Participant: 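Shown below is the structure under consideration.
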Amino acid sequence: MKPLILISNDDGYQAKGINCLVQMVRDMADVIVCAPDSARSGYSCAFTATEPLILTHRSEDDGVQIWSCNGTPVDCVKLALAELCPERRPNLILGGINHGDNCSVNTHYSGTMGVVIEGCMKYIPSVAFSLCDHESFADFTPLTDIVRRVVSRVLADGLPTGVCLNINFPKADSFRGVRLCRMAHGSWTNEIVKCHHPRGYDYYWMMGHYRNDEPEATDTDNWALQNGYVAITPTQIDVTNYEMLETMKSWNL
């Protein structure tokens, strides 16, 4: 029996990125897609607790099922595991391919990463793919070889418990190589744009500009992407700061 791959994203089931990802891996496994019915960027690990969720069957063809959900990326994973494959646990969960990068602090905001973090918390090997191109017609073809190599390796060897992979690709026709990276220290600035409505009230847009706060560091995901490399960052669920934990033992609280 072929392995089973569950795929979701935060750009919606119709996005080019997720459909290209399906084509890249469909010969390697049976595939279930369960993705939001429209864009849910920035939803991180949010799930829906105050509204009913609806699953919609979109299509099925030669080992690939396509479903959508009116909820968040995490809702999609939870629903898929409970309703679409309750008797057959996925061997792998994939997030993406995202239109736009998810490196540095964007990791914490990303619905694409929400997909794989949820999978990781369910003890299923999980990998997120993102491309530094926000355009709806972005070219994902150059990613194919590395995506297939990573998927093959993780299907064969798995990942450690509590660890998922965050993989970001620069926008390029070819890549200088692959870098194993840490997450860059960065921050968002000028995040709020204030506007005044003709009817007399103020309203706000969330915008902002990303700033790399350590531009000289050469071991980060930001540096790799800016220099034409694919950035792979192992990401863990356990956010405990063990050094601080040891320090606090002397606090005598």
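Please read these numbers as outputs of a predicted model, since none were measured by experiment.
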Participant: Quick check for you: to the nearest 0.5 Å, what is the distance between Thr218 atom OG1 and Arg179 atom CZ?
Facilitator: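 One finds 7.0 Å between OG1 of Thr218 and CZ of Arg179.
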Participant: Calculate, to the nearest 0.5 Å, the distance between atoms CD and CG belonging to Gln14 and Asn19 respectively.
Facilitator: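 Gln14 atom CD to Asn19 atom CG measures 8.5 Å (nearest 0.5 Å).
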Participant: Run the side-chain contact (heavy atoms from CB on, under 4.5 Å) test against Asp27 and tell me which residues pass, sequence neighbours left out.
Facilitator: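 By the side-chain contact (heavy atoms from CB on, under 4.5 Å) rule, Asp27 matches Arg148.
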Participant: Is there a donor-acceptor contact under 3.5 Å linking the side chains of Trp188 and Asn106?
Facilitator: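 Distance-only check passes for Trp188 and Asn106.
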Participant: Is Phe47 isolated, or which residues cluster with it under the ILVMFWY side-chain rule of less than 4.5 Å, directly or via members?
Facilitator: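 Its cluster mates, by chain and number, are Val74.
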Participant: I want to check something: taking the side chain as every heavy atom from C-beta on, are His197 and Asp202 in contact at a cut-off of under 4.5 Å?
Facilitator: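 Not in contact.
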Participant: Could you walk me through whether Ile146 and Val178 pass side-chain contact (heavy atoms from CB on, under 4.5 Å), step by step?
Facilitator: CA-CA 9 Å; Ile146 292 175; Val178 174; 3.9 Å; yes
Participant: Any heavy-atom pair between the side chains of Met207 and Asn190 that's under 4.5 Å?
Facilitator: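 They are not in side-chain contact.
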Participant: Flag yes if more than 12 heavy atoms outside Tyr43 fall under 6.0 Å of its OH atom; otherwise flag no.
Facilitator: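 12 or below, so no.
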Participant: Please report the closest heavy-atom contact between Cys164 and Ile117, naming both atoms and the distance.
Facilitator: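 In this case the closest contact between Cys164 and Ile117 is SG-CG1, 4.4 Å.
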Participant: Taking only residues at least two apart or on different chains, which pairs with a member in residues 80-106 satisfy ring pair (Phe, Tyr, Trp, His ring centres under 6.0 Å)?
Facilitator: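 Of all non-adjacent pairs touching residues 80-106, those that pass ring pair (Phe, Tyr, Trp, His ring centres under 6.0 Å) are His99-Phe140.
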Participant: Donor-acceptor pair, Asp221 side chain versus Ala184 backbone, under 3.5 Å?
Facilitator: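 At least one qualifying donor-acceptor pair exists.
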Participant: With a 3.5 Å cut-off and no angle check, do the side chains of Asp238 and Thr240 form a donor-acceptor pair?
Facilitator: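 Yes, a side-chain donor-acceptor pair sits under 3.5 Å.
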Participant: Between Ala35 and Ile18, which heavy-atom pair has the shortest distance, and what is it?
Facilitator: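 That would be CB-CD1, 3.8 Å.
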Participant: So do the side chains of His185 and Thr220 get within less than 4.5 Å of each other, counting heavy atoms only?
Facilitator: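 In short, these two side chains do not touch, never coming nearer than 4.5 Å.
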Participant: Is any side-chain heavy atom of Leu143 closer than 4.5 Å to one of Phe129?
Facilitator: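 No, too far: nothing below the 4.5 Å cut-off.
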Participant: Is there a donor-acceptor pair closer than 3.5 Å between any side-chain N or O of Thr235 and the backbone N or O of Leu165?
Facilitator: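 Not confirmed, Thr235 side chain does not pair with Leu165 backbone.
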Participant: For the atom pair OG (Ser130) and CG (Asp101), what is the distance rounded to the nearest 0.5 Å?
Facilitator: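 Interatomic distance, Ser130 OG to Asp101 CG, rounded to 0.5 Å: 7.0 Å.
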Participant: Excluding sequence neighbours, so at least two apart, what forms salt bridge (charged side-chain N to carboxylate O under 4.0 Å, His left out) with Asp157?
Facilitator: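 Per chain and number, Asp157 pairs via salt bridge (charged side-chain N to carboxylate O under 4.0 Å, His left out) with Arg153.
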Participant: What's the shortest heavy-atom distance between Cys34 and Ala80, and which atoms?
Facilitator: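 Closest approach of Cys34 to Ala80, heavy atoms only: CB-CB, 3.9 Å.
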Participant: Please verify the inter-ring angle class for Trp205 with Tyr203; under 30° counts as parallel, over 60° as perpendicular, anything in between as tilted.
Facilitator: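 Ring orientation, 0 to 90° scale: perpendicular.
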Participant: Are Ile93 and Ile7 linked, directly or through intermediate hydrophobic residues, by side-chain heavy-atom contacts shorter than 4.5 Å (ILVMFWY only)?
Facilitator: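 No, separate clusters.
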Participant: Is the backbone of Val64 close enough, under 3.5 Å, to the side chain of Asp61 for a donor and an acceptor to pair up by distance?
Facilitator: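 No; zero donor-acceptor contacts below 3.5 Å.
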Participant: Could you verify whether a donor N or O on one side chain and an acceptor N or O on the other, from Asp139 and Thr141, lie under 3.5 Å apart?
Facilitator: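 Short answer, yes.
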Participant: Taking it one step at a time, do Val151 and Leu94 satisfy side-chain contact (heavy atoms from CB on, under 4.5 Å)?
Facilitator: CA-CA 9 Å; Val151 168; Leu94 301 179; 4.1 Å; yes
Participant: What's the spacing between Asn168 CG and Leu225 CG if we round to 0.5 Å?
Facilitator: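 Rounded to the nearest 0.5 Å, the CG-CG separation comes to 5.5 Å.
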Participant: Once side-chain contact (heavy atoms from CB on, under 4.5 Å) is applied, do any residues pair with Glu135, and if so which ones, sequence neighbours excluded?
Facilitator: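 Once residues adjacent in sequence are excluded, the partners of Glu135 under the side-chain contact (heavy atoms from CB on, under 4.5 Å) criterion are Asp133, Phe137.
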Participant: Going by atom types only, do Thr48 and Asp75 share a side-chain donor-acceptor pair under 3.5 Å?
Facilitator: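 The answer is yes; a qualifying pair exists.
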Participant: Would a single hydrophobic cluster contain both Leu21 and Leu131, if residues Ile, Leu, Val, Met, Phe, Trp and Tyr are joined by side-chain heavy-atom contacts under 4.5 Å?
Facilitator: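 Same cluster.
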Participant: What pair of heavy atoms forms the shortest contact from Gly95 to Val115, and how long is it?
Facilitator: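 Reported closest heavy-atom pair: CA-CG1, 4.0 Å.
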Participant: Applying a strict under-4.5 Å side-chain criterion to I, L, V, M, F, W and Y, I'd like to know whether Met244 and Tyr242 cluster together.
Facilitator: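 They do not share one cluster, since no chain of ILVMFWY contacts under 4.5 Å joins Met244 to Tyr242.
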Participant: Are Val127 and Leu180 joined in one hydrophobic group, where the rule is that I, L, V, M, F, W and Y side chains link up if heavy atoms are under 4.5 Å apart?
Facilitator: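 Yes, it is one cluster - the side chains of Val127 and Leu180 are joined through contacts under 4.5 Å.
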Participant: Name all residues meeting the ring pair (Phe, Tyr, Trp, His ring centres under 6.0 Å) criterion together with Phe175; count only those two or more places apart in sequence or in a different chain, and write none if there are none.
Facilitator: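 With sequence neighbours excluded, Phe175 shows a ring pair (Phe, Tyr, Trp, His ring centres under 6.0 Å) to Phe169, given in chain and number order.
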Participant: Quick one: salt bridge (Lys or Arg N to Asp or Glu O under 4.0 Å) pairs with a partner in residues 205-218, sequence neighbours left out?
Facilitator: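 For residues 205-218, and leaving out neighbouring residues, the salt bridge (Lys or Arg N to Asp or Glu O under 4.0 Å) pairs sorted by first residue read Arg182-Glu214, Arg211-Asp213.
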Participant: Taking the side chain as every heavy atom from C-beta outward, state whether Pro36 and Cys69 have any atom pair closer than 4.5 Å.
Facilitator: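 No; the side chains remain at least 4.5 Å from each other.
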Participant: Tell me yes or no: between the side chains of Ser104 and Tyr210, is some donor less than 3.5 Å from an acceptor?
Facilitator: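 Side-chain D/A pair, Ser104 to Tyr210: present.
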Participant: Is there a donor-acceptor contact under 3.5 Å from the side chain of Ser110 to the main chain of Thr107?
Facilitator: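 No.
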Participant: Under the side-chain contact (heavy atoms from CB on, under 4.5 Å) rule, collect the residues that match up with Ser68, sequence neighbours excluded.
Facilitator: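 Partners of Ser68 under the side-chain contact (heavy atoms from CB on, under 4.5 Å) test: Tyr13, Asp37, Thr56, Arg58.
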Participant: Can you check whether Met24's main-chain N or O pairs, donor with acceptor, with Thr144's side chain at less than 3.5 Å?
Facilitator: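 Checked: no pair found.
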Participant: Would the number of heavy atoms belonging to other residues, nucleotides or ligands and lying under 6.0 Å from NZ of Lys171 be above 12?
Facilitator: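 Counting other residues, nucleotides and ligands, NZ of Lys171 stays at 12 neighbours or fewer.
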Participant: Walk me through it: do Ile192 and Met206 pass the test side-chain contact (heavy atoms from CB on, under 4.5 Å)?
Facilitator: CA-CA 5 Å; Ile192 305 299; Met206 298 294 291; 3.1 Å; yes
Participant: Are Val147 and Leu155 connected in the hydrophobic side-chain network, where two residues link if heavy atoms are under 4.5 Å apart?
Facilitator: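 Yes, it is one cluster - the side chains of Val147 and Leu155 are joined through contacts under 4.5 Å.
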Participant: How long is the straight-line distance from CG of Leu6 back to CD of Glu118, given to the nearest 0.5 Å?
Facilitator: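 One finds 10.5 Å between CD of Glu118 and CG of Leu6.
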Participant: Sub-3.5 Å donor-acceptor pair from the side chain of Ser174 to the main-chain atoms of Ala172, do we have one?
Facilitator: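 No, Ser174 side chain to Ala172 backbone: no donor-acceptor pair under 3.5 Å.
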Participant: With sequence neighbours excluded, what pairs up with Pro125 under the side-chain contact (heavy atoms from CB on, under 4.5 Å) test?
Facilitator: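 Pro125 satisfies side-chain contact (heavy atoms from CB on, under 4.5 Å) with Leu92, Val154, Leu159 once adjacent residues are dropped.
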Participant: Would you call Asp10-Arg40 a salt bridge at under 4.0 Å N-O?
Facilitator: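 Between Arg40 and Asp10 there is no salt bridge, as every charged N stays at least 4.0 Å from the carboxylate O atoms.
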Participant: Where do Met113 and Val116 land on the side-chain contact (heavy atoms from CB on, under 4.5 Å) test, with the steps shown first?
Facilitator: CA-CA 5 Å; Met113 285 302 296; Val116 300; 3.8 Å; yes
Participant: Could you list all the ring pair (Phe, Tyr, Trp, His ring centres under 6.0 Å) pairs where at least one residue sits in residues 54-86, not counting sequence neighbours?
Facilitator: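 Only His57-Trp67 qualify under ring pair (Phe, Tyr, Trp, His ring centres under 6.0 Å).
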Participant: For the CG atom of Asn222 and the SG atom of Cys181, what is their distance to the nearest 0.5 Å?
Facilitator: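 Going from the CG atom of Asn222 to the SG atom of Cys181 covers 9.5 Å.
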Participant: If only atom types and distance count, is the side chain of Asn166 paired as donor or acceptor with the main-chain N or O of Asn102 below 3.5 Å?
Facilitator: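 Here the side-chain-to-backbone pair exists.
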Participant: The criterion is ring pair (Phe, Tyr, Trp, His ring centres under 6.0 Å); which residues satisfy it with His209, sequence neighbours excluded?
Facilitator: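 None.
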Participant: Quick one: does Cys85's side chain get under 4.5 Å of Leu4's, heavy atoms only?
Facilitator: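 Yes. Closest side-chain heavy atoms under 4.5 Å.
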Participant: For residues Asn98 and Asn9, determine if any side-chain heavy atom of one lies less than 4.5 Å from a side-chain heavy atom of the other.
Facilitator: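 Not in contact.
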Participant: Is there any salt bridge (Lys or Arg N to Asp or Glu O under 4.0 Å) pair reaching into residues 80-99, and which pairs are they, with sequence neighbours excluded?
Facilitator: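 As it turns out, the salt bridge (Lys or Arg N to Asp or Glu O under 4.0 Å) pairs with a partner in residues 80-99, which skip direct neighbours, are Asp30-Arg88.
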Participant: Is there side-chain contact between Ile5 and Ile32, with at least one heavy-atom pair below 4.5 Å?
Facilitator: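 Ile5 does not reach Ile32 side chain to side chain.
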